[in-house]
*Asks:* 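What follows is a single structure, and I will ask about it in a moment.
Keep in mind that this is a model prediction, so the values were computed, not measured.
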Amino acid sequence: MKLRERQDKVERLLSFYKTSKENPFEGSNTLLRGEVDFLAAVLLMSKVDDEHWDGVGQAGIRTMVDSRFRFATTVGGKDTFGVEFMANQKRSENSNGDVYGTPLTLSKLFYKGSAGDWFSAIAIPFGAQFRDLNVTSASSLQEEKGLTDLSFGPPMLHQHNGGAIGVTVRRSNIIASLAQSFRGMGNEHCFSTFGQVVCQLPIRLKLSFLGLRRGPKLASRNFRLGALALPVGLSRYLEDVDTVNEEAFMPSDTNAPESGSVALMLESELDEYQRLGGWIEMKQTNPKILQWAVNLSDTSEDVFGWGVSVGGFVEGPRNWDHFQVESYVKLNLGKRCSLKPGIAYVVDGNSRTLALALRSNCSF
């Protein structure tokens, strides 16, 4: 109800300008989309130690509830202005099992414009993720999600990067994107550059090359944005949620060298509902270790579907330090809700972990 009241206020504000013929909001509509994502897991083991918890954390097996709501307004017929609110509650990935979360908070602000079918640009003052420029992913909130992070694509796409601006060019069967992001962390800030090239191959096959370059942390004690500064509290919780992931990407000190990642994605549509995809990512900080995943899913809108994912970390042809496999059955409860019970098996060093997981997703 509070979200509806906010939407009504926005529409009333826009209605004041509809009397002008040159007003870009003339005839615009504000659409509300939302998603509630629930994930829970139970370890099927009689004894669990720290090694098992480490493996569970790397595999992305967790207990959480995420809620996202997006208001999108069409501007000038082709452009889109949107805001996104998010609330989450997660259980920590250690033996303490502490629960932490945030109330419904403004998490993203974006404006996307296009010039014909061949060029588009997007500006995100805060809450940016490089998946916002990933042309192979769906633009809606609802995506096909497995039990863990294997189905989400390369980790570089899901890092929170503060503010970003990017452009996308489409020509024939090739799509290219380039983005620049800026993120402040306490008394330091960091610039990142992201690029992606997508080739549409025959027989419904997409090949994507992705690259991320992160500059070193720069001290910002004397860095001021003045009147253009945004309250840090609007997106502070994003830094808390992504702290662990940032440590893998960000240099450990202000004199650290530049870092980055490269990734390769392959996606194929076997038929109307079945999808086969895979990705591999290599980080500049440790190029000998590769992170990879292969996903096969049936997204049928009938009574049920299914999915299987395999992935992990590999260092050389014989050193599989981390390996995991998951399988689930998708039970469709109408067109907007689904239940996904399944099993995940994780091998992390000398530990072996078996978990029963359940994911529930509802969107509107």
Side-chain angles (χ1 to χ4, degrees), residues 78 80 112-122 129-146 148-159 164 166-181 192-213 260-284 287 289-302 305-314 317 323-328 330:
K78 294 183 178 180
T80 303
K112 185 175 183 180
S114 59
D117 297 331
W118 67 276
F119 179 83
S120 63
I122 186 171
Q129 294 176 283
F130 287 129
R131 70 175 183 178
D132 298 322
L133 289 96
N134 182 26
V135 295
T136 61
S137 64
S139 59
S140 61
L141 287 179
Q142 187 172 10
E143 300 173 345
E144 187 63 27
K145 300 177 181 178
T148 64
D149 299 338
L150 293 180
S151 59
F152 292 176
M156 71 166 70
L157 293 176
H158 303 278
Q159 300 297 314
V167 296
T168 300
V169 179
R170 296 173 173 83
R171 285 295 184 184
S172 183
N173 59 341
I174 298 178
I175 305 175
S177 300
L178 182 66
Q180 181 73 44
S181 70
S192 302
T193 303
F194 171 80
Q196 179 183 19
V197 177
V198 180
C199 301
Q200 180 68 57
L201 303 177
I203 61 172
R204 298 181 177 181
L205 192 64
K206 285 184 181 179
L207 181 64
S208 304
F209 301 91
L210 304 92
L212 173 64
R213 173 186 172 274
S261 304
V262 293
L264 178 67
M265 295 178 60
L266 188 64
E267 297 177 283
S268 176
E269 298 181 2
L270 303 180
D271 56 29
E272 185 178 0
Y273 297 110
Q274 292 187 0
R275 304 288 186 270
L276 174 64
W279 57 267
I280 185 171
E281 179 176 338
M282 179 184 69
K283 298 179 182 178
Q284 183 180 352
I289 298 180
L290 301 178
Q291 188 171 358
W292 63 279
V294 177
N295 305 289
L296 177 62
S297 62
D298 186 328
T299 60
S300 174
E301 297 180 355
D302 295 335
W306 53 269
V308 178
S309 298
V310 181
F313 298 87
V314 57
F323 175 81
Q324 65 186 90
V325 58
E326 65 180 63
S327 178
Y328 64 87
K330 179 182 178 183

*Asks:* Would you call Phe209 and Val262 a side-chain contact if the rule is heavy atoms closer than 4.5 Å?
*Replies:* no

*Asks:* For the pair Ser181 and Phe130, evaluate side-chain contact (heavy atoms from CB on, under 4.5 Å) and give the outcome as yes or no after the intermediate values.
*Replies:* CA-CA 9 Å; Ser181 70; Phe130 287 129; 3.6 Å; yes

*Asks:* Measuring only between side-chain heavy atoms, which start at C-beta, is Leu296 closer than 4.5 Å to Leu270?
*Replies:* yes

*Asks:* Any side-chain heavy atom of Trp279 sitting closer than 4.5 Å to one from Leu266?
*Replies:* no

*Asks:* Ser177 and Thr168: which non-hydrogen atoms are nearest, and at how many Å?
*Replies:* OG-OG1, 3.1 Å

*Asks:* Hey, what do you get for OG (Ser268) to CG (Leu201), rounding to the nearest 0.5 Å?
*Replies:* 10.0 Å

*Asks:* Considering all heavy atoms of both residues, which atom of Val308 and which atom of Ser327 are nearest to each other, and what is their separation?
*Replies:* CG2-OG, 3.9 Å

*Asks:* Starting from the C-alpha separation in whole Å, work towards a yes-or-no answer on side-chain contact (heavy atoms from CB on, under 4.5 Å) for Leu178 and Thr193.
*Replies:* CA-CA 8 Å; Leu178 182 66; Thr193 303; 4.1 Å; yes

*Asks:* Under 4.5 Å between any side-chain heavy atoms of Phe323 and Val310, yes or no?
*Replies:* yes

*Asks:* Where do Ala121 and Val167 come nearest, in terms of heavy atoms and distance?
*Replies:* CB-CG1, 4.1 Å

*Asks:* Do Trp306 and Gln274 make a side-chain contact, defined as non-hydrogen atoms from C-beta onward lying under 4.5 Å apart?
*Replies:* yes

*Asks:* State, to 0.1 Å, how close Leu212 and Ser192 come at their nearest heavy-atom pair, and which atoms those are.
*Replies:* CD1-CB, 4.2 Å

*Asks:* Quick check against the 3.5 Å criterion: does Ser208 have a side-chain atom that pairs as donor or acceptor with the backbone of Val198?
*Replies:* no

*Asks:* Donor-acceptor check, side chain of Glu326 to backbone of Gly146, threshold 3.5 angstrom: yes or no?
*Replies:* no

*Asks:* Can you list the steps and then say if Ser120 with Arg170 is a side-chain contact (heavy atoms from CB on, under 4.5 Å)?
*Replies:* CA-CA 9 Å; Ser120 63; Arg170 296 173 173 83; 3.4 Å; yes

*Asks:* When rounded to the nearest 0.5 angstrom, what distance separates NZ in Lys283 from CD in Gln291?
*Replies:* 6.0 Å

*Asks:* Evaluate the criterion side-chain contact (heavy atoms from CB on, under 4.5 Å) for residue pair His158 and Arg131; output intermediate values, then yes/no.
*Replies:* CA-CA 6 Å; His158 303 278; Arg131 70 175 183 178; 3.7 Å; yes

*Asks:* Distance check, rounded to the nearest 0.5 Å: Trp118 atom CH2 versus Ser172 atom OG?
*Replies:* 15.0 Å

*Asks:* Minimum heavy-atom separation for Pro287 to Met282, with atom names?
*Replies:* O-SD, 3.4 Å

*Asks:* Look at atom CG of Asp117 and say whether more than 12 heavy atoms of other residues, nucleotides or ligands are closer to it than 6.0 Å.
*Replies:* no

*Asks:* Side chains of Leu264 and Leu207: does their closest heavy-atom pair fall under 4.5 Å?
*Replies:* yes

*Asks:* Could you check if a side-chain atom of Leu276 sits within less than 4.5 angstrom of a side-chain atom of Val294, using non-hydrogen atoms only?
*Replies:* yes

*Asks:* Once rounded to the nearest 0.5 Å, what's the spacing between atom NZ of Lys206 and atom CZ of Arg204?
*Replies:* 11.5 Å

*Asks:* Between CE of Met156 and CZ of Arg213, what distance do you get to the nearest 0.5 Å?
*Replies:* 14.0 Å

*Asks:* Kindly compute the distance separating CD1 (Ile175) from CD (Gln196), expressed to the nearest 0.5 Å.
*Replies:* 8.5 Å

*Asks:* Would you confirm whether Gln180, through its side chain, and Ala164, through its main-chain N or O, come within 3.5 Å as a donor-acceptor pair?
*Replies:* no

*Asks:* Do Arg275 side-chain atoms and Glu272 backbone N/O form a donor-acceptor pair below 3.5 Å?
*Replies:* yes

*Asks:* Is the closest side-chain heavy-atom distance between Met265 and Leu157 below 4.5 Å?
*Replies:* yes

